[in-house]
Chemist: 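Before I ask anything, here is the structure I am working with.
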Number of protein chains: 4
Amino acid sequence: MAYRSSDKTRRKKDAKRTAMMQAAVHVFAEKGYHAATIRDIVTAADVAIGTFYFYFPDKETLFVHLYEETAHFFLGALQQAVLSRRVLPEQIQAGLQAYVNIAIYEPAVVQLLLVGGVGSVPSLMEQHAAFRERLINIWQRPLNEALLHGQIPPQNSRRAAEALAGAFDEVILHLLNHPDPASEAAETITELTRFALRAIAYSESSK
Amino acid sequence: MAYRSSDKTRRKKDAKRTAMMQAAVHVFAEKGYHAATIRDIVTAADVAIGTFYFYFPDKETLFVHLYEETAHFFLGALQQAVLSRRVLPEQIQAGLQAYVNIAIYEPAVVQLLLVGGVGSVPSLMEQHAAFRERLINIWQRPLNEALLHGQIPPQNSRRAAEALAGAFDEVILHLLNHPDPASEAAETITELTRFALRAIAYSESSK
Amino acid sequence: MAYRSSDKTRRKKDAKRTAMMQAAVHVFAEKGYHAATIRDIVTAADVAIGTFYFYFPDKETLFVHLYEETAHFFLGALQQAVLSRRVLPEQIQAGLQAYVNIAIYEPAVVQLLLVGGVGSVPSLMEQHAAFRERLINIWQRPLNEALLHGQIPPQNSRRAAEALAGAFDEVILHLLNHPDPASEAAETITELTRFALRAIAYSESSK
Amino acid sequence: MAYRSSDKTRRKKDAKRTAMMQAAVHVFAEKGYHAATIRDIVTAADVAIGTFYFYFPDKETLFVHLYEETAHFFLGALQQAVLSRRVLPEQIQAGLQAYVNIAIYEPAVVQLLLVGGVGSVPSLMEQHAAFRERLINIWQRPLNEALLHGQIPPQNSRRAAEALAGAFDEVILHLLNHPDPASEAAETITELTRFALRAIAYSESSK
DNA sequence: TATGAATGAGAATTCATTCAT
DNA sequence: TATGAATGAATTCTCATTCAT
């Protein structure tokens, strides 16, 4: 009798919503914000145009949501990887491992965050700036620790973190263009870790 | 007198064409490829829409031309700066100096070249990829030299060059966001140079 | 016991149907036919969209039903007021009193009936025309009576009724815009009655 | 050489703009604001959709403009007619004559003002209220004069003007529905004038 | 009966591009 | 050469209506 809400229906709705967001991430990642059309997204999600507007208020809002969620997921994974280790070399390596994993298994995430639609969507500017800031912070915090422990010589840790973040992004973006990224992953991580440790003049001095 | 026609007419024509390209650089840099409209460009150049189509076949072609020219100018300046020095530290520093100069005095150039979000337009993606490739080469060549001379230990110079390019881009992009970039320029260059030299384990060994 | 089924079920059904029509009157009155959406109506009635289509075949049909019912109620009240009196001045005054009462206590009814802007939807235009016709008739009938009794001089009673109807509508619409319509009601009715009696050159001649 | 602006071009542009506004008046008058589509308008004007947006910013702005202009034209004609006479009966008659002329020869004007899209377009509400106000003023001013000269007994001239305005509108709207309005015009005007003079208890007393 | 997710035709608006002058 | 009016395909978004549950 009547209609039972918050049962299967609820779950199904959430599932569809999620499916549509997945589809949207891929479309946005591939085409960029402006070139991606609502039709592209609903086609990818295999629903009608109206369905899009049932779940999301408009293209821009969806994109910003998506960017936020994606950034949150990405930064969370990175942060957790870094915090799971206690010494700088392992922290950097673990962070890079997490980064590379995402890049390989969810390339759209990286595409969206690094290429996406920056410069296009005004309301995205802040989101993007905030993302860069948090990303840089993830790398900077271990550097500050290391500075405190005298494991790296005095230096502008902020600028170093910017440089590392930029370096990592670029190398991993190139890794993604490789025909078989997975085969290169381990080596890339090792090299980048060494590159980073040398760049900040790390030495396991202390103790 | 191998010089071509070049009377007033030609000069005027070139002047108008140049004005439009100048305007276009700024418009594209500010809004990104898709959000920039032909009307934006001709308004900035103070000509009529029809005039645009007299000089350029279409929007995409203009952008490609523009990107090529801008990349050529930028890479040329960088390359020249690097080649004007003989030892690695100076090469890197000179290159960074050139990069920073352009970033400060022609920020639109840097914005245009680094702006992403041109996904789904093949010809634009190619241009961007080609630019990255050439940029990385500029940094890689001195590294290869240094490798040959034993000034840096064996390493994947290609990957190192990628990392350096990414690091430089990121730091300089942040420098541009600074309220008074010029005041920070010298220090940034010094730091980045040291960062780079450490990263590739440079030592002035030889001779 | 000629009464039909009428158990709880029927009453509940009618209740819901009625709630939706009530809501619809207000929504249509406020926004006009085109701007009012089904969602507006079901939201106001606190039912689901599907429920709307269980009770009504479509938007247009609902509006027509609604308009008919509302017109029927309105005209009925007016007619009854007029017929409850035997002499023209009292008939006009009673009619106006009924009109003003509805306007003040059910402004949506008046809004709905007088709202135009339903051009291009034939069935709605018909309804509106029919309503005007019946309204004019209500005023015209007493005039014809008065003509017969020689209480008003020969005149085109149809045209006079149109004029009176228009005059009454306009003044009452303005009354509704007044901050406190009720306080002005009595005076307005008196004035309008006198206006009308003078306009048709009424004199209590006979007997 | 080059392009000569503000010549034939200018005139042509204005002509086309006017033609489009004419077309729009008719479409809006016939269908009402919401039901009228841009396509309807451009089809009536025999231009492409884009052309509409070259001349007007959007549908709503055009409609409001149109309403304003139309109201200005209508009220101007009425006002002038009324002011061209010195005694009340003639003023009313001349005003009605002008009104009827417009109604017959430019029925769309009357449709737009009286039926148009009231209640639909929020930004139109004020325009419509202002129009009613000015219309009522046109009738009220002669009444005030007559009051001053003792040609009509003390009465609320404002309310009387509202009533007259409403009466005139209604009768003329019905006149327009007549198969051959022109044939009825003279009689209608005469009757309405008498109706009005009686309603306000006019007598040529004074002097 | 009642629900609300899903649909898609249709409306407004933008913008690259053309072409008569 | 230069102009800008004109075009219409493409895009975003709305909303009446359907239907499985």
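Naming convention: chains lettered A, B, ... in sequence-line order (proteins, then strands); numbering from 1 in each chain.
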Chemist: Would you say C:Glu126 and C:Tyr67 make side-chain contact, with heavy atoms under 4.5 Å?
Modeler: no
Chemist: Specify the separation, in whole Å, of atom CG of D:Leu62 and atom P of E:dT13.
Modeler: 11 Å
Chemist: Quick one: does C:Tyr53's side chain get under 4.5 Å of C:Ile38's, heavy atoms only?
Modeler: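 Side-chain contact under 4.5 Å: yes.
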Chemist: By nearest nucleotide on DNA chain E, pick out whichever of A:Tyr55 and D:Ile38 is the more 5' one.
Modeler: A:Tyr55
Chemist: Ignoring backbone atoms, establish whether C:Lys16 has a side-chain N or O less than 4.0 Å from OP1 or OP2 of E:dA2.
Modeler: yes
Chemist: Check whether any side-chain heavy atom of B:Phe54 sits under 4.5 Å from a side-chain heavy atom of B:Lys16, and report yes or no.
Modeler: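 They are not in side-chain contact.
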Chemist: Return yes when atom CG of A:Asp46 has more than 12 non-hydrogen atoms of other residues, nucleotides or ligands closer than 6.0 Å, and no otherwise.
Modeler: no
Chemist: Let me know the distance between CD1 of B:Ile41 and C1' of E:dC15, rounded to the nearest Å.
Modeler: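 For the pair B:Ile41 CD1 and E:dC15 C1', the rounded distance is 12 Å.
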Chemist: Has A:Lys59 got its NZ or CZ under 6.0 Å from the middle of the six-membered ring of A:Phe28, at an angle within 45 degrees of the ring axis?
Modeler: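 No, cation not above the ring by the 6.0 Å, 45° rule.
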Chemist: Which one, E:dA5, E:dT1, E:dA12, comes nearest to the side chain of C:Phe54?
Modeler: E:dT1
Chemist: Would you say a side-chain N or O of C:Tyr53 is under 4.0 Å from OP1 or OP2 of F:dT17?
Modeler: yes
Chemist: Do A:Glu60 and A:Ser123 have side-chain N/O donor and acceptor atoms under 3.5 Å apart?
Modeler: yes
Chemist: Measure the distance from CE on B:Met20 to P on F:dT1 and round it to the nearest whole Å.
Modeler: 14 Å
Chemist: With nearest nucleotides of DNA chain E determined for B:Phe52 and C:Asp46 from heavy-atom distances, which residue corresponds to the more 5′ nucleotide?
Modeler: C:Asp46
Chemist: Using atom names, set out every protein N or O paired with an N or O of nucleotides 8-10 of chain F below 3.5 Å, distance rounded to 0.1 Å.
Modeler:
from  : atom 1 : to      : atom 2 : distance (Å)
F:dG8 : N7     : D:Gly50 : N      : 3.2

Chemist: Counting the atoms with a prime plus P, OP1 and OP2 as sugar-phosphate, which does D:Ala35 contact under 4.0 Å by heavy atoms, base, sugar-phosphate, or nothing?
Modeler: nothing
Chemist: Do any N or O atoms from the side chain of D:Thr43 and from the backbone of D:Arg39 form a donor-acceptor pair under 3.5 angstrom?
Modeler: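 Between the backbone of D:Arg39 and the side chain of D:Thr43 there is a qualifying donor-acceptor contact (under 3.5 Å).
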Chemist: Dot-bracket for DNA chain F, 5' to 3', with Watson-Crick and G-U pairs under 3.5 Å, [ ] for crossing pairs and | for other-strand pairs: what is it?
Modeler: .||||||||||||||||||||
Chemist: Please determine whether the number of non-hydrogen atoms from other residues, nucleotides or ligands lying under 6.0 Å from atom NE2 of D:His128 exceeds 12.
Modeler: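 Yes, enclosed.
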Chemist: I'd like to know if the side chain of D:Thr70 and the backbone of D:Leu66 have a donor-acceptor N/O pair within less than 3.5 Å.
Modeler: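 Looks like yes, one N/O pair under 3.5 Å.
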Chemist: Checking contacts here: which listed nucleotide (F:dA6, F:dT17, F:dA5) is nearest the side-chain heavy atoms of D:Lys13?
Modeler: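 Closest nucleotide among those given: F:dA5.
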